[in-house]
Amino acid sequence: MLRAGGLVALPTETVYGLGANAEDPAAVARIFRVKGRPSSHPLIVHLGGAEYLDDWVEDVPATARLLAEHFWPGPLTLVLRRGPRVPLEATGGLETVAVRVPDHPVGLALLSAFGGGVTAPSANRFGSVSPTTADHVRAELGEAVDFVLDGGPCEVGVESTIVDVTGDAPSILRPGGVTREDLEAVLGCPLEVPSTSRVRVPGQHPSHYAPRARVVLVEPEKVVAEAGLAQELGHRVGVFLPAFLADAPVKAHAVVTVPSSMAAYAHGLYGFLRELDQQGCDLIIASVPVEEGLGLAIANRLRRAAGPRPS
């Protein structure tokens with residue numbers, strides 16, 4: 001299907017991707033049409049192993065090789081200079097390309113059998129909640145996808161960490177499944193997480209990872225009170241209840257008690273958002289976790305989900 005220019009939803013350890021042959025501009029363009037994604041937003045090229053990196057990028061600095069050695073396969077994406085094999089359609093017109101090797105046996109088997117690069121943003125409509133099961137993909141994209149390869153639920157549950165290694169010092173452009181602390185331990189230096197960057201990468205839209213319900217973020221100790229007030233005002237309120245408030249009475253239409261473990265929270269995050277949508281909530285009250293470890297990625301996704309909606 002990939003060789004014929006089709007679209008294949010494939011499992012990774014982070015989320016399901018909507019895959020196309022990275023060297024087929026027409027197939028890549030179809031990804032943008034199916035997702036409703038602006039063509040200026042670059043895609044990630046997925047490879048079957050770190051040994052193929054030099055085939056797809058212009059130059060691989062020592063920092064990139066070190067990170068690839070430690071974290072591939074895994075939820076880390078590296079931004080490097082685009083090689084001639086990568087069409088500009090896949091990079092949003094940029095001379096940089098985002099590349100990673102996913103850590104999922106089914107996804108890797110497909111990449112190995114295909115023998116090339118696969119561009120694969122999340123397999124959902126642009127800006128909405130990312131899919132972490134094959135059923136999520138089918139429910140959202142339906143027959144617009146030629147083949148859905150079911151590899152079970154995604155283990156990590158949030159997208160990869162994107163690190164720019166094209167400048168003088170590496171920086172995190174999107175927090176994700178590899179923590180800043182783990183990256184810093186390998187590199188031996190602190191990493192910035194800038195609010196804006198000179199390089200466009202996936203996940204930077206003001207509203208992203210968003211359910212149909214509007215998301216409102218409050219301080220953890222205010223979640224119960226804010227939910228009750230919104231429910232009294234006539235909203236169908238969904239609540240992300242912090243674990244330390246699990247026994248508190250909550251006036252709401254639906255309640256999800258989020259795990260205290262950040263790994264478990266990340267694994268379930270998008271499923272929780274979809275669940276509250278399915279319950280018919282029009283407003284979700286949540287709090288941002290401590291921005292350490294995977295909490296940084298969760299906080300990033302919740303802030304994007306709560307971002308300004310297109311008018």
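Below, all heavy atoms of this structure are taken into account, side chains as well, without hydrogens, waters or symmetry copies.
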Quick one: do Thr77 and Arg174 satisfy side-chain hydrogen bond (donor to acceptor under 3.5 Å, both in side chains)? Show the steps, please. CA-CA 9 Å; Thr77 294; Arg174 180 182 71 183; 4.9 Å; no

Apply side chain to side chain contact (heavy atoms under 4.5 Å, CB included) to residues Leu241 and Val256 and explain how you reach the verdict. CA-CA 6 Å; Leu241 189 66; Val256 171; over 6 Å; no

Taking the side chain as C-beta and beyond, is there a heavy-atom pair between [X] and [Y] under 4.5 Å?
X: Asn124; Y: Leu141; result: no
X: Leu66; Y: Val186; result: yes
X: Leu183; Y: Phe71; result: yes

Is it true that Arg33 and Ser39 share a donor-acceptor pair across their side chains at a distance under 3.5 Å? no

Around atom CD of Glu291, are there more than 12 heavy atoms from other residues, nucleotides or ligands closer than 6.0 Å? yes

For Glu192, I'd like to know if atom CD has over 12 heavy atoms of other residues, nucleotides or ligands within 6.0 Å. no

Under the criterion side chain to side chain contact (heavy atoms under 4.5 Å, CB included), I'd like the reasoning laid out for Glu159 against Tyr270: C-alpha separation, chi angles, the key distance, then a yes or no. CA-CA 11 Å; Glu159 291 81 358; Tyr270 293 143; 2.6 Å; yes

Should Cys154 and Tyr16 be marked as a side chain to side chain contact (heavy atoms under 4.5 Å, CB included) after you check the CA-CA gap, both sets of side-chain angles, and the distance that decides it? CA-CA 7 Å; Cys154 298; Tyr16 273 73; 3.5 Å; yes

Could you check whether Asp146 pairs with Arg30 (Lys NZ or Arg NE/NH1/NH2 to Asp/Glu carboxylate O, under 4.0 Å)? yes

Taking the basic N atoms (NZ, or NE/NH1/NH2) and the acidic carboxylate oxygens, is any pair closer than 4.0 Å for Arg274 and Asp135? no

Derivation and outcome, side chain to side chain contact (heavy atoms under 4.5 Å, CB included), residues Thr179 and Leu294: CA-CA 6 Å; Thr179 68; Leu294 283 173; 4.2 Å; yes

Establish whether Phe272 and Leu217 are linked, either directly or via other cluster members, by ILVMFWY side-chain heavy-atom contacts under 4.5 Å. yes

